[in-house]
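Throughout, residue positions are numbered sequentially from 1 according to the sequence presented. Numbering of ligands and ligand atoms starts at 1, following listing order.
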Amino acid sequence: YKRSREPSDDHNPHKRHGAAVTLATHRQMYERNFPLYKQPVEVGCFSLDSHRNFFNDHRQMRYYVQPRKRPEFNLRDGYTDRFIKRDDGVKERLDHLLKWILANRDQIQNRDKTSSSSRVLGVDFVTWRGHLTKVLTTPYETHEGWLLAASKFGGTIYISEVETEAARTDRESRSERQEEMMYWGYKFEQYTCADDVDGTPDPGGVVNTNEAFCTVVQTRLADHKLLFSGEVDCRVTDADAPPAPACYVELKTSAEICTPKQRSNFHRYKLLKWWAQSFLPGVPQIVAGLRDHDGVVVSMETIQTSKISQLIKKEFNCWKPTVCMNFCSDFLSFVKSVVEEDDPRLVYLFAWDPHRDVSYTVHRDSQYNFIPEWYVKELRS
Ligand code: 0WD
Ligand code: CA
């Protein structure tokens, strides 16, 4: 039995009474009942074309075409001659999502007539799904820290990631092998997706990672109303498929599993990230292409997102969904308690490094500003 530093620590992960200055990330502190997480509802979608232009529609939606059981897809094909890579040095922050909000204000506002007076959008938080995935996995992450910038505007808190020094160094010093392996995931999408409902995949085409289809969902975690967007790989085509997001499919590639140790590592590390990413927007199934060392997909595996928590229970000392969700809920409460001033030019920068608490700094009119003037002007009008 370990004595807590303060009597309140047992119940409150914030280290001080009143306005907390840090938030602990120890997994034991978040082992409570699973918090309320409402079924995410799709409120819209948008597309980014091959030049990264925004369209308020589903033109980039793709359709899943089930491959043979032993497909032998060569994921290395086209890497040198049919690949157009998005420039990941360009930071787009929340811009595309903000464009979607401006084009669809009514869709969001109409959903919440009761509290529209204080919050222009009627939601507490706006962010990318990928940022929330990082928050969810924080209690179990031991390698990569994060920086999340938060600003309040019109009563809503916007959260946008800032690249850490470590992530930037990694990005700028990737090996040729790593660069190529990042392509494999996109190539797998090309082998399994068609552009039309009744189409077939075209593995001879160009892979262009500028193209994207994104869903926008609304949901609630405990007392936090969330609006976030995430990139969706494809949807199923059956006539009796449920409405989005339940018809969506997440595609993944992973090294084939040959030993018990590999299986254990897959459950402990990879399934945590896969679960968090798909659970958040309510994507029910994940299709994995299992590949060998040379980038050839040798088998396919379908994983139901809702079955993952059962799958991992056999693993000793494994991660728990409830810890992820309770931590996320407490982190959002912490952000709400810190981000008091309603000013799009004021950024509260939340920082976390493995084995540390979450802390924050405050910045006015700095490099961290991320809510663009065009958005402020338009939303105020
Ligand atoms: O500005 C930023 N810091 C970020 C922007 C970080 C992460 C994503 N983005 C952009 C993406 O380009 C995308 O258009 O936001 C959009 C959607 O993001 P998300 O769905 O919230 O991100 P996440 O869940 O991390 O990734 C979903 C998919 C990935 O699938 P896999 O199976 O690999 O997890 O989006 C793709 C990728 O296919 N993706 C990206 N594509 C291009 N550039 C990037 C990226 N930086 N990150 C993820
Ligand atoms: Ca994917």
Side-chain angles (χ1 to χ4, degrees), residues 40 42 45-55 60 62 64 75 83-100 125-137 144 146-150 158-164 167-168 170-172 174 178-179 181-193 207-217 226-235 245 248-254 269-283 285-289 291 297 302-303 305 368 370-372:
E42 182 175 77
C45 65
F46 61 88
S47 295
L48 303 175
D49 73 4
S50 58
H51 303 289
R52 218 60 188 164
N53 291 316
F54 172 93
F55 294 91
Q60 294 290 350
R62 288 180 301 175
Y64 180 66
L75 302 178
F83 178 32
I84 299 170
K85 187 178 174 284
R86 188 182 86 94
D87 180 356
D88 52 13
V90 177
K91 299 303 168 210
E92 300 175 324
R93 306 193 270 206
L94 298 184
D95 290 7
H96 298 302
L97 177 52
L98 301 183
K99 281 181 204 164
W100 181 89
F125 294 96
V126 166
T127 192
W128 284 112
R129 176 269 309 274
H131 300 359
L132 292 174
T133 304
K134 288 193 179 178
V135 175
L136 255 68
T137 57
E144 289 168 25
W146 46 250
L147 286 170
L148 293 170
Y158 296 77
I159 300 178
S160 178
E161 186 179 30
V162 173
E163 188 172 48
T164 62
R168 185 190 151 113
D170 283 356
R171 179 169 57 78
E172 288 171 346
R174 285 194 288 250
Q178 281 173 310
E179 284 285 343
M181 287 177 70
M182 288 177 62
Y183 166 79
W184 293 359
Y186 297 104
K187 185 65 189 177
F188 180 63
E189 294 173 11
Q190 190 192 50
Y191 275 117
T192 51
C193 296
V207 170
N208 187 326
T209 60
N210 288 294
E211 297 173 1
F213 169 76
C214 295
T215 180
V216 183
V217 302
L226 315 178
L227 177 84
F228 60 84
S229 174
E231 198 172 318
V232 168
D233 293 325
C234 57
R235 59 161 293 159
Y248 291 148
V249 180
E250 172 63 36
L251 300 173
K252 293 287 183 197
T253 57
S254 194
Y269 306 109
K270 212 153 220 184
L271 273 189
L272 164 60
K273 299 209 166 149
W274 289 10
W275 171 80
Q277 185 189 42
S278 287
F279 178 77
L280 279 166
V283 172
Q285 58 175 331
I286 303 168
V287 169
R291 49 130 192 109
V297 174
T302 300
I303 303 170
T305 309
Y368 298 118
F370 66 90
I371 301 187

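- Of all atoms in ligand 1, listed by their number and element, those nearer than 4.0 Å to a heavy atom of S229 are 21 (O).
- To the nearest 10 degrees, the Ca ion (ligand 2) sees OD2 of D233 and OE2 of E250 at an angle of 80°.
- Looking only at protein heavy atoms, the nearest one to atom 4 (C) of ligand 1 is H131 CE1, 4.4 Å.
- For atom 20 (O) of ligand 1, the candidate residues are H96, K252, E231, K273; the nearest heavy-atom contact is made by E231.
- For the pair R129 and ligand 1, the shortest N or O to N or O distance falls below 3.5 Å.
- Without hydrogens or angle criteria, W128 side chain to R93 main chain gives a donor-acceptor distance under 3.5 Å.
- Side-chain atoms of T209 come within 3.5 Å of backbone atoms of R86 as a donor-acceptor pair (strictly under, hydrogens ignored).
- Using a 4.0 Å cut-off to heavy atoms of G230, the atoms of ligand 1 that qualify are 20 (O).
- Under the 3.5 Å distance criterion, with hydrogens and angles disregarded, a donor-acceptor pair is assigned to the side chains of E42 and T215.
- At the top of the distance list for atom 6 (C) of ligand 1, counting protein heavy atoms only, stands E161 OE1, 3.9 Å.
- The closest protein non-hydrogen atom to atom 26 (O) of ligand 1 is Q277 NE2, 3.6 Å.
- In this structure, the side chain of R129 does not engage the main chain of F228 through any donor-acceptor pair within 3.5 Å.
- Contact between P40 and G282 at its shortest, heavy atoms only, is CG-N, 3.8 Å.
- Cation-pi geometry between K273 and Y269 is not satisfied (NZ or CZ under 6.0 Å from the ring centre, within 45° of the ring normal).
- Within 4.0 Å of atom 47 (N) of ligand 1, not a single protein heavy atom is present.
- Annotation: atom 43 (N) of ligand 1 to nearest protein heavy atom, R86 NE, 2.9 Å.
- None of the N, O or S atoms belonging to G185 lies under 3.0 Å away from the Ca ion (ligand 2).
- Heavy-atom proximity to L251, at under 4.0 Å, picks out these atoms of ligand 1: 32 (O).
- Nearest protein heavy-atom neighbour of atom 10 (C) of ligand 1: R52 NH2, 4.2 Å.
- Remark: ligand 1 atoms within the under-4.0 Å shell around heavy atoms of E250 are 32 (O).
- By the 4.0 Å heavy-atom criterion, S160 is excluded from the residues contacting ligand 1.
- Atom 19 (P) of ligand 1 has as its closest protein heavy atom G130 N, 3.8 Å.
- The residues E211 and R62 are annotated as not salt-bridged, no charged nitrogen and carboxylate oxygen being separated by less than 4.0 angstrom.
- Screening D233, V249, T253 for a side-chain contact (heavy atoms from CB on, under 4.5 Å) involving V287 leaves a single residue, V249.
- With a heavy-atom cut-off of 4.0 Å, Y186 touches ligand 1 through its side chain alone.
- A pairwise comparison of heavy atoms in N210 and R52 identifies O-NH1, 2.8 Å as the closest pair.
- Proximity of M181 to R291: side-chain heavy atoms (C-beta onward) are separated by under 4.5 Å at one or more points.
- Using the six-membered ring where Trp is involved, F83 and Y183 have ring planes that are tilted, between 30° and 60° apart.
- Ligand 1 has no N or O atom lying under 3.5 Å from any N or O atom of E92, backbone or side chain.
- For atom 17 (C) of ligand 1, the nearest protein heavy atom lies under 4.0 Å away.
- Of the polar atoms of W128, none of the N or O atoms is found under 3.5 Å from an N or O of ligand 1, judged by distance alone.
- Distance from atom 1 (O) of ligand 1 to its nearest protein heavy atom, with residue and atom name: R93 N, 3.9 Å.
- Taking a 6.0 Å sphere around CZ of R171, one finds it holds more than 12 heavy atoms contributed by other residues, nucleotides or ligands.
- Results of the ring pair (Phe, Tyr, Trp, His ring centres under 6.0 Å) test with F46 over F213, F54, F55 single out F54 as the only residue that passes.
- Protein heavy atoms are found inside the 4.0 Å sphere centred on atom 37 (C) of ligand 1.
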